[in-house]
Amino acid sequence: MSQVPVSAPAIPVARPWMGEEEAAAARRAILSGWVTQGPEVAALEQEFAAFVGAPHACAVSNCTTALHLALVALGIGPGDEVITVSHSYIATANAVRYTGATPVFVDVELDSFNIDPALVAGAITPRTRAILCVHQLGMPCDIGALVRLARAHGLKVIEDAACAAGSQVRIDGDSGADDWEPIGRPHGDVACFSFHPRKLLSTGDGGMITTRDAALDQTFRLLRQHGMSVPDTVRHASTKVIQEQYPVVGYNYRLTDIQAAVGREQLKRLPAMVARRRLLAARYHDALSGVPGVAVPVEPAWARTNWQSYAVRVDTPSRQHAVMQALLDRGIATRRGVMNAHREAAYPHGSWVMAPGGLGRSEQAQDTAIVLPLYHQLSEGDQDRVIAALREAVAA
Ligand SMILES: *Cc1c(COP(=O)(O)O)cnc(C)c1O
């Protein structure tokens with residue numbers, strides 16, 4: 001029988017960390033007289049670029065539009081194939097479909113939920129144009145190996161870094177303790193970030209595209225604002241009348257200045273958010289490693305994840321629901337693992353390609369993973385309740 005927790009506070013699976021600073025920033029933008037893409041957006045772009053070490057950062061309305069712009073700007077369209085994963089939030093594969101290109105789904109590794117780099121070469125065909133890799137749940141994928149492979153085959157690399165603001169990698173060949181590089185430098189051609197509340201840094205909704213290529217950055221800026229040749233901020237500041245042109249069909253993928261002002265405060269908090277999550281994740285790791293029936297996620301030696309989510313795996317699909325319900329009965333919210341696009345009705349036969357190797361591990365990961373509560377304000381005491389409840393539930 002399920003019990004309704006009365007006195008015990010419910011522990012959510014995630015929670016944004018925002019306060020008076022964000023509220024004051026939104027107020028500042030609202031009272032400034034300029035509320036859509038303007039000076040706050042420009043400032044957030046500069047500050048985010050500096051944080052990840054990218055020469056260019058272009059703010060957009062969310063990560064889905066960021067992925068779409070990245071693919072369009074790289075010239076990907078009908079007849080092209082893009083190598084990616086089914087095992088991701090559906091926006092990853094949807095962005096490929098928007099362009100008319102076909103997603104080619106490669107299987108993942110079970111302990112990181114990331115694309116298996118050993119399977120990528122086998123997925124390349126004469127139609128392949130790009131690899132759209134995901135740093136799933138914040139855990140860096142093997143971007144060094146993927147970029148090497150892509151360069152050898154003349155392919156572009158787009159990083160879906162939706163969850164990975166604050167994550168770091170060490171590319172092989174490097175050595176020493178201080179050569180950690182932020183995700184988003186980027187290591188591929190373009191990296192796309194999300195500022196949705198389920199990620200660390202949030203603006204409500206929002207996104208960012210980083211690149212080292214100035215021409216690509218210019219294309220993002222053109223396309224995010226209707227293909228308008230002269231941004232409204234420039235016309236506003238000009239003492240001469242300027243008539244803008246529309247040389248290409250663009251989109252409205254703008255971030256607002258209200259959101260950007262909030263984002264600037266969130267960016268200041270990001271290092272503390274990552275540090276707190278890494279501490280809590282280490283506690284989960286120590287308490288749950290070796291528990292029969294539970295597999296903990298593995299962080300490769302060359303990766304430092306921001307632990308956007310901490311997902312364990314139970315041993316059989318039949319236990320996933322029971323364990324989640326047992327935790328909910330104790331006031332603890334969890335979520336199933338990452339979904340698989342190819343299992344959804346929006347992905348009928350013919351709309352995607354299965355890469356050699358199949359998608360067995362992607363399906364197993366979806367059916368056995370459980371995302372545990374992890375957020376900045378989670379207390380050690382509440383985390384201990386999660387750990388105790390999980391141990392009890394898997395032993396039952
Ligand atoms: C959240 C997420 C997205 C979508 O981000 P939005 O900002 O909500 O559009 C895309 N890919 C991955 C891997 C995500 O986790």
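Values below: all heavy atoms of this structure, side chains included; hydrogens, waters and symmetry mates excluded. We're numbering straight along the sequence, starting at 1. All ligand and atom numbering here is 1-based and tracks the order in the structure. Just so you know, these numbers come straight off a predicted model, no measurement behind them.
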For Val134, atoms of ligand 1 separated by under 4.0 Å from a heavy atom: 13 (C)
Nearest neighbour in protein (non-hydrogen) for atom 3 (C) of ligand 1: Ala162 CB, 3.7 Å
Trp302 six-ring centre to Arg170 NZ/CZ under 6.0 Å and within 45° of normal: no
Check: Phe48 ring centroid to Phe195 ring centroid under 6.0 Å: yes
Atom 11 (N) of ligand 1: the protein heavy-atom neighbour that sits closest, reported with distance to 0.1 Å: Asp160 OD2, 2.8 Å
Residue, atom name and distance, where the atom is the protein heavy atom closest to atom 9 (O) of ligand 1: Thr64 OG1, 2.5 Å
Ser88 neighbourhood, listing ligand 1 atoms whose heavy-atom distance to it stays under 4.0 Å: 13 (C)
Donor + acceptor pair across side chains of Asn340, His87 (<3.5 Å): yes
Sub-4.0 Å atoms of ligand 1 with respect to non-hydrogen atoms of Cys163: 15 (O)
Close N or O approach (Ser194, ligand 1; < 3.5 Å): yes
Salt-bridge criterion met for Glu344 and Arg97 (N-O under 4.0 Å): no
Identity and distance of the protein heavy atom lying nearest atom 15 (O) of ligand 1: Lys199 NZ, 2.7 Å
Under 3.5 Å side-chain donor-acceptor pair for Gln383 and Arg283: yes
Contact check, Gln308 vs ligand 1, heavy-atom distance below 4.0 Å: no
Ring centers of His68, Tyr251 separated by less than 6.0 Å: yes
Between Gln225 and Asp232: side-chain donor-acceptor atoms closer than 3.5 Å: yes
